[in-house]
Participant: 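This is the structure I have questions about; it appears just below.
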Amino acid sequence: KISGEATQVAGDPHKGAVSLYAARAMDSYAGIVEQWVRRIGDEYGARLAARGVDTEARRKSNAFCALCVASLLDLDEAKAVDCLTDGGEDGGIDAIHVGETRHDSFTVWLFQSKYYASLEGTKAFPAGELPKILQTVGTIFDPEKPLTGMRDIAHAVEDVRSRIRDGAIPQVQVVLCSNGVRWQQDGDARIAQAGFDPRQVQWEFVNHRRLVELKTPREINTSLVFAG
């Protein structure tokens, strides 16, 4: 449990008012993911620290993002860490993965993550982060747009543009991740206003609960019928 602010309780027959702490229950799923994040942080600490400002919070945020990439794309963690782009000029993208071109199409995975110190799992993903991501998505499709403020992802964006020029069609999958809850309605309004065709740009939210579900083995119930 995580302690909240002190609360005064009146009417104690022995000592008068007694100060107690209102405790909020920690989300057990968030607690599980926190332990995974710490392990990744310990194992890949040097590589996580090399990206942006080196603080414990930044390492945890990058470790969480790598965990989301590895879990969703079924990559090993080392390759997921290689996908990280978090820096000063990343266009609002914390990780990017460009899939192989098959049958003249390929998928571009864009990740943006928010990792909160609180493990209550109740904070909503901030809709204020969306405009920067929307601008980056638009830049991928528009060859005339300069890569202003996108130095950290410029190589990947140019790779995508090159494939488009060669005739391949991209499917952009934007994954917003946090150890909280989905963005509010204002976030949906921003996405709708951008006007991207949902057949080319899709949006997904992944949080601590989804991560645990992805790693939970599914039972396979099969019945064998023998004839003869």
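For this chain, numbers begin at 1 and follow the sequence in order. What's counted below: heavy atoms across the whole structure, side chains too, no hydrogens, waters or symmetry copies.
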Participant: Decide if atom CG of Leu214 counts as having more than 12 heavy atoms of other residues, nucleotides or ligands within a radius under 6.0 Å.
Facilitator: yes
Participant: Can you name the closest pair of heavy atoms from Ser178 and Tyr116 and give their distance?
Facilitator: CB-CE1, 4.1 Å
Participant: Look at the side-chain heavy atoms of Ile, Leu, Val, Met, Phe, Trp and Tyr, link any pair under 4.5 Å apart, and say whether Val175 and Phe106 land in one connected group.
Facilitator: no
Participant: Under 4.5 Å between side-chain heavy atoms, hopping through other hydrophobics if needed: is there a path connecting Leu67 to Leu75?
Facilitator: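 Yes, because Leu67 and Leu75 connect within a single hydrophobic cluster, where side-chain heavy atoms sit under 4.5 Å apart.
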Participant: Sort and list the pairs that fulfil salt bridge (charged side-chain N to carboxylate O under 4.0 Å, His left out) and have at least one residue in residues 197-207, not counting sequence neighbours.
Facilitator: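 Only Asp197-Arg199, Glu204-Arg210 qualify under salt bridge (charged side-chain N to carboxylate O under 4.0 Å, His left out).
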Participant: How close do Ile133 and Gly92 get, heavy atom to heavy atom, and via which atoms?
Facilitator: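 In this case the closest contact between Ile133 and Gly92 is CG1-O, 3.7 Å.
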Participant: Which residue is it: Leu119, Val33, Asn207? I am looking for the one with a side chain to side chain contact (heavy atoms under 4.5 Å, CB included) to Asn179.
Facilitator: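 Among Leu119, Val33, Asn207, the one that satisfies the side chain to side chain contact (heavy atoms under 4.5 Å, CB included) with Asn179 is Leu119.
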Participant: With rounding to the nearest 0.5 angstrom, report the CG to OH distance, Leu211 to Tyr29.
Facilitator: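 The distance works out to 12.0 Å.
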Participant: Once salt bridge (charged side-chain N to carboxylate O under 4.0 Å, His left out) is applied, what residue pairs with a partner in residues 29-46 remain, sequence neighbours excluded?
Facilitator: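 Salt bridge (charged side-chain N to carboxylate O under 4.0 Å, His left out) check on residues 29-46 returns Glu34-Arg38, Glu34-Lys60, Arg39-Glu43, Arg39-Glu77.
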Participant: Considering residues at least two apart in sequence or located in another chain, which fulfil the salt bridge (Lys or Arg N to Asp or Glu O under 4.0 Å) criterion with Arg190?
Facilitator: none
Participant: Any idea which heavy atoms bring Ser113 and Ser61 closest together, and the distance?
Facilitator: OG-O, 3.8 Å
Participant: Please assess Phe196 against Val137 for the test side-chain contact (heavy atoms from CB on, under 4.5 Å), listing each intermediate value before the final yes or no.
Facilitator: CA-CA 9 Å; Phe196 292 117; Val137 174; 3.8 Å; yes
Participant: Is Ile153 reachable from Leu48 through a run of hydrophobic residues whose side-chain heavy atoms are each under 4.5 Å from the next?
Facilitator: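 No, Leu48 does not connect to Ile153 through the hydrophobic network.
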Participant: When you look at Phe64 and Val69, which way does the side-chain contact (heavy atoms from CB on, under 4.5 Å) test go after all the steps?
Facilitator: CA-CA 9 Å; Phe64 175 69; Val69 174; over 6 Å; no
Participant: Quick one: does any side-chain atom of Thr139 pair with a main-chain N or O of Gln135 as donor and acceptor, under 3.5 Å?
Facilitator: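 Confirmed, Thr139 side chain pairs with Gln135 backbone.
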Participant: Verify side-chain contact (heavy atoms from CB on, under 4.5 Å) between Trp203 and Leu130, making sure each step is shown before the conclusion.
Facilitator: CA-CA 11 Å; Trp203 299 76; Leu130 293 174; 4.0 Å; yes
Participant: Give every residue pair that meets the side chain to side chain donor-acceptor pair (under 3.5 Å) criterion with at least one member in residues 142-151, sequence neighbours excluded.
Facilitator: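 Checked against side chain to side chain donor-acceptor pair (under 3.5 Å) - neighbours excluded - no pair reaches residues 142-151.
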Participant: When rounded to the nearest 0.5 angstrom, what distance separates CG in Asp94 from SG in Cys177?
Facilitator: 8.5 Å
Participant: In Å, rounded to the nearest 0.5 Å, how long is the span from CZ of Arg163 to OG1 of Thr101?
Facilitator: 4.0 Å
Participant: Go through Phe111 and Leu73 one step at a time and tell me if the side-chain contact (heavy atoms from CB on, under 4.5 Å) criterion holds.
Facilitator: CA-CA 11 Å; Phe111 290 80; Leu73 302 187; 4.2 Å; yes
Participant: Above 12 or not: heavy atoms from other molecules or residues under 6.0 Å from CD of Gln200?
Facilitator: yes
Participant: What's the spacing between Thr85 OG1 and Asp82 CG if we round to 0.5 Å?
Facilitator: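 Separation between the atoms: 12.0 Å.
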Participant: Testing the basics here: between Gln171 and Pro198, what is the closest heavy-atom pair and its distance to 0.1 Å?
Facilitator: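 Looking at all heavy atoms of both residues, the closest pair is NE2-O, 4.5 Å.
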Participant: With sequence neighbours left out, what residues match Asp152 under salt bridge (Lys or Arg N to Asp or Glu O under 4.0 Å)?
Facilitator: none
Participant: How far does CD1 of Ile93 sit from OG1 of Thr136, to the nearest 0.5 angstrom?
Facilitator: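 That separation rounds to 5.0 Å.
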Participant: Quick check: closest heavy atoms across Lys114 and Pro126, and the distance to 0.1 Å?
Facilitator: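 Minimum heavy-atom separation between Lys114 and Pro126: CG-CD, 4.0 Å.
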Participant: What pairs with Trp183 under side chain to side chain donor-acceptor pair (under 3.5 Å), at least two apart in sequence or on another chain?
Facilitator: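 Testing Trp183 for side chain to side chain donor-acceptor pair (under 3.5 Å), a comparison that skips the adjacent residues, returns Asp188.
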Participant: To the nearest 0.5 Å, what is the distance between CD (Gln173) and CH2 (Trp109)?
Facilitator: 4.5 Å
Participant: Taking Asp54 first and then Arg58, would you say they form a salt bridge - that is, a charged N and a carboxylate O separated by under 4.0 Å?
Facilitator: no
Participant: Locate the shortest heavy-atom distance separating Asp27 from His208; write the atom from each residue and the value.
Facilitator: OD2-NE2, 3.1 Å
